[in-house]
Amino acid sequence: MANKTRQKIQKLKKKKVWPSILFMLIFLMLFAFLVILGIEIAIHYLINGKLEEFSKETAAVQTVIDSHIDEGEHIETIVRKMQQESDDFIELYVLNKEGQELISTGKSKPDFGRVIHYEGDRMYVLVADSNMKIDSEKHISQIVGMSLPELLTTPFEERPDAFSKELWMRQPIIHQEYWLRLPMQHTCYQVYAKCALTVSRQAMMTMELGGLFVLFLLLMPLIYLLVNLISTVRMQRQLTQILYMDPVTGGHNWYYFNSKVGYQLSCRSAARRSYALVDLHMMHYQNYCACYGTAEGENLLEAINEFLSTRLARREYYARHEGADFAMLFECPSEEDCTRRLRTLMAELPGLKPDKLAHFRAGVYMIDPAEQPDRFRIATRKHVDVDQMYSYAMAARTTASGQNRTQISYFNQLLLEQQNWERWVEDEIDTALISDEFKVYLQPKYNPTNNRLVGAEALVRWISPERGMITPNRFIPIFEANGGIMKLDDYMISHVAKLQAQWSIEGRKTVPISVNVSRVHFSVDNLAEHIRELVDAYGPKHDLIELEVTESAFFDDKNSLIQTVEQLKAYGFAVSMDDFGAGYSSLNSLKDIRLDVLKLDGEFFRGDDSQGRGRIVVQEAVMLARALNMRVVAEGIEEKEQADFLASIGCDMIQGYYYARPMPVDEFVELMERDA
């Protein structure tokens, strides 16, 4: 579940942020391309427009010269005549076919080493020793007799009459002279006309304003995308903070801790360091809340959260896991260092609420430095499973024992083996049930008066092909914890019913066999009907099946238990109370529930009873059972003296090593035949 939640958070981040970032990058590239393209087009349009303007002026000169040459006039005469007739005649430079100068109407000449452009028959050549002039101040000062700074600081009413806004706008800011070769029809002459590329302030400002307008249009969606991206990132951060916030303490939750610790332990910079993953548990938190109120309990958890935030260093993390458990990651070079830190921390914790009792335990899983693969590669931790490591820390914490209320326990190899064993049992239960790896063993019950076989108890043994014989104490507690015990109950009831039916068909002697029904099973609705269906599937008599209920089951839902027992008795099954006296016996249960058999726990017969107090209790229990019309079974009997005493006080049945150990079904059948 935690992994799925983390994956959803990561997917949410990627879905929200990366498309916006990608789209913005694409738009930025497009924006840059359009700006560059716009500048190129604007410059090309402006310059080509000016060149075309001068080309039209020189075309008339070219036409006149060609027409007069056709009439037989000499080109020098033609040029001189045109120069005399016009006060504003353009400068010309004429060469003959061999490249020798014929006519020059101006002082400057073309620099044929600086040809800048060809266009058909036209050739653009820069003027020798000329440079592009970009200086509006010079032109203005020549006109108005003032420098540009003086002009800008002079009020309008005091400025010279020669200056006006229109004049200022027409001033050139770019001026470049060049020679244009005219495409003459008579190729025996090369005619060059002097031109000038001049860009006024008005033209440049018009182009700039147009560019700014286009830039503004392009910037609007860019700004929108940027604002949207920032909003998305902020929303993601806020959403992540909410997802990583613990609702009780207001601090970090387990998803935050898992993510940060997993990243930290996987970093190369942390590979050579030792860490301790700690499960800090407040003992009896539910009792604390019952005494002081739930709100006060949550206030304490919030105080613990703030306390831890001031005690952990940089790159050390903490978070509330669940209930009153806090997970912490320490950087600790050794167990001794970790113990010292934890003892200091846990000694200060009760001071958060000095007027209230609070005790803590801690389980620790030490994380060793990553092993160096070789001297050429950097060590890293691979496959970091924070959930698994924290479960190890919790397992270590649950094993803490002793007189001190504040305890620290470390996860070790024995705990790891126990964890692996529990996992193997949980994984194999279904396969073992299907494969009939669970075998029914029967321990006989004898009448102590005549030593006759009068019954048996069905016990389970797990014979695994992989691990051999497995005793009940190694797997029953695990089944009770994970709910698998109900499957095992059904398995045993069905197999005992099958045995009883088979023996009846074969004409063998039959005795009642008791089968344990776990207390967990009594939480199931219609349990009596369920058991009847299991037994009736094979068809033995119901009085051959006795159902044992542990004494602890009588402290759960008593009304439901009474109804189930009454229904089982109505179906003809015998019901017994198992382990009577093992816990806190409730005589009220004997009063309210009509049971058939009372089974005395074997602890009554163990230990020193030199004063005879145990015998008095057993004798009174037998008398009480008889008064309630109940039969009595004493289990755990190992000595003849115990059997003789039970016979003398009227105990109905004895079960224990004194008579027989639990045995396979085949051996029990032989025992029944000998006793028949």
Tell me every residue that passes salt bridge (Lys or Arg N to Asp or Glu O under 4.0 Å) with E533, counting only those two or more places apart in sequence or in another chain. none
Side chain to side chain contact (heavy atoms under 4.5 Å, CB included) evaluation trace for I470 with E437: CA-CA 10 Å; I470 305 174; E437 294 179 15; over 6 Å; no
Quiz item: cation-pi between R519 and F522, 6.0 Å / 45°: no
Aromatic rings Y571 and H542: how do their planes relate, parallel, tilted or perpendicular, breaks at 30° and 60°? perpendicular
Consider side-chain contact (heavy atoms from CB on, under 4.5 Å). Of V632, V633, D652, which one does V597 pass it with? V633
Could you walk me through whether D427 and R423 pass the salt bridge (Lys or Arg N to Asp or Glu O under 4.0 Å) check? CA-CA 6 Å; D427 292 342; R423 181 174 297 179; 5.7 Å; no
Classify the side-chain pair N451/Y659 by whether it contains a donor and acceptor separated by less than 3.5 Å. yes
Please tabulate, for side-chain N and O atoms in residues 438-445, each donor-acceptor pair with protein atoms closer than 3.5 Å (sequence neighbours left out).
{"residue": "K439", "atom": "NZ", "partner": "D436", "partner atom": "O", "Å": "2.9"}
{"residue": "Q443", "atom": "OE1", "partner": "Q655", "partner atom": "NE2", "Å": "3.0"}
{"residue": "Q443", "atom": "NE2", "partner": "A660", "partner atom": "O", "Å": "3.2"}
{"residue": "K445", "atom": "NZ", "partner": "S514", "partner atom": "OG", "Å": "3.1"}

Between E422 and Q418, does the side-chain hydrogen bond (donor to acceptor under 3.5 Å, both in side chains) criterion hold? Intermediate values first, please. CA-CA 6 Å; E422 291 178 1; Q418 180 62 27; 3.1 Å; yes
Among all residues two or more places apart in sequence or in another chain, which pass the salt bridge (Lys or Arg N to Asp or Glu O under 4.0 Å) test with R594? E566
Should the pair R467 and W424 be classed as cation-pi, given the thresholds of under 6.0 Å to the six-membered ring centre and 45° from the axis? yes
Side-chain heavy atoms of D430 within contact of K487, under 4.5 Å: yes
Trace of the side-chain hydrogen bond (donor to acceptor under 3.5 Å, both in side chains) decision for E506 with Q502: CA-CA 6 Å; E506 294 174 353; Q502 180 180 344; 3.1 Å; yes
Give me the one residue out of W254, Y365, F411 that meets ring-ring contact (aromatic ring centres under 6.0 Å, His included) with Y390. W254
Are the aromatic rings of Y491 and H495 close, with centres under 6.0 Å apart? yes
Salt bridge (Lys or Arg N to Asp or Glu O under 4.0 Å), that's the test. Do R320 and E298 meet it? Break it down for me. CA-CA 12 Å; R320 190 178 77 94; E298 293 183 352; over 6 Å; no
